[in-house]
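Take a look at the structure below.
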Amino acid sequence: MAEKTFAVTREGYTMQAKLSRENQDVLLEITGGDVPHYGVVTIVSPHQATQTIALPSRPGHHHQEGVLTERIAEVIAPALQDNAFIVGGLHVNRISKQQLAVAGAMAQALGEQIRDYLLAHPRDEVIEEFS
């Protein structure tokens, strides 16, 4: 399993992605800020609609990073050869309005880096055999 990392830094924090591949499937870990974690999963597939699951973050709240993982999913979808799982969690302590305002653009830029990498490095399909 080969891994590749990507990062975007703006307004004093970094959003990063770690890409892993198995066959033609992609696993992306989107983390960053002061408290990286895993709080949402977005599933992207050419065979079904994109889905996001947000886990509880604290009593009465769910993680909000789906806005970012869905943005990345939309950007990379045309470059996918098969399925992708995007797992994400990014928390900036005492986030400012300026830091919050650039998060979407950071996710867009990260998605573009990932898309360009996937397009430049396609994988040959290994065919599954069944008895």
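Everything numeric in this text was worked out from a predicted model, so none of it was measured. Residue numbers start at 1 and run along the sequence shown.
Not a single side-chain hydrogen bond (donor to acceptor under 3.5 Å, both in side chains) links Gln51 to another residue, sequence neighbours left out. Residues forming a side chain to side chain contact (heavy atoms under 4.5 Å, CB included) with Gln64 (at least two apart in sequence, or on another chain): none.
A donor-acceptor contact shorter than 3.5 Å links the side chain of Gln99 to the backbone of Glu11. The backbone N or O of Val35 sits less than 3.5 Å from a side-chain atom of His37, completing a donor-acceptor pair. Under the 3.5 Å distance criterion, the side-chain polar atoms of Tyr13 are left unmatched by any main-chain donor or acceptor of Asp34. A donor-acceptor contact shorter than 3.5 Å is absent between the side chain of His61 and the backbone of Ser57. For the pair Asp82 (side chain) and Gln24 (backbone), a donor-acceptor distance under 3.5 Å is absent.
Between Arg21 and Leu118, some side-chain heavy-atom pair lies under the 4.5 Å cut-off. Between Gln16 and Phe6, the closest side-chain pair of non-hydrogen atoms is not below 4.5 Å. Counting heavy atoms from C-beta on, the side chains of Glu125 and Ile127 come closer than 4.5 Å. Between Leu55 and His62, every side-chain heavy-atom pair lies at or beyond the 4.5 Å cut-off. Within the 4.5 Å cutoff, no side-chain heavy atoms of Thr14 are placed close to those of Val8. A 4.5 Å side-chain heavy-atom check between Val40 and Val87 finds every atom pair outside the cut-off. Considering only heavy atoms from C-beta on, Arg123 stays 4.5 Å or farther from Glu22 through its side chain.
Counting all heavy atoms, side chain and backbone alike, Leu90 lies closest to Gly33 at CD1-N, 3.8 Å. Minimum heavy-atom separation, Ile86 to Ile76: CD1-CD1, 4.1 Å. Taking all atoms of both residues into account, the shortest heavy-atom contact from Gly104 to Leu68 is N-CD2, 4.2 Å.
Follow the hydrophobic side-chain contacts under 4.5 Å out from Ile30 and you reach Leu80 in the same cluster.
Between the side chains of Glu70 and Thr42, no donor-acceptor pair is found at a separation under 3.5 Å. In the model, His47 has no side-chain atom that pairs as donor or acceptor with a side-chain atom of Asn83 under 3.5 Å.
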Check against side chain to side chain contact (heavy atoms under 4.5 Å, CB included), Thr5 and Leu19
CA-CA 6 Å; Thr5 58; Leu19 180 148; over 6 Å; no
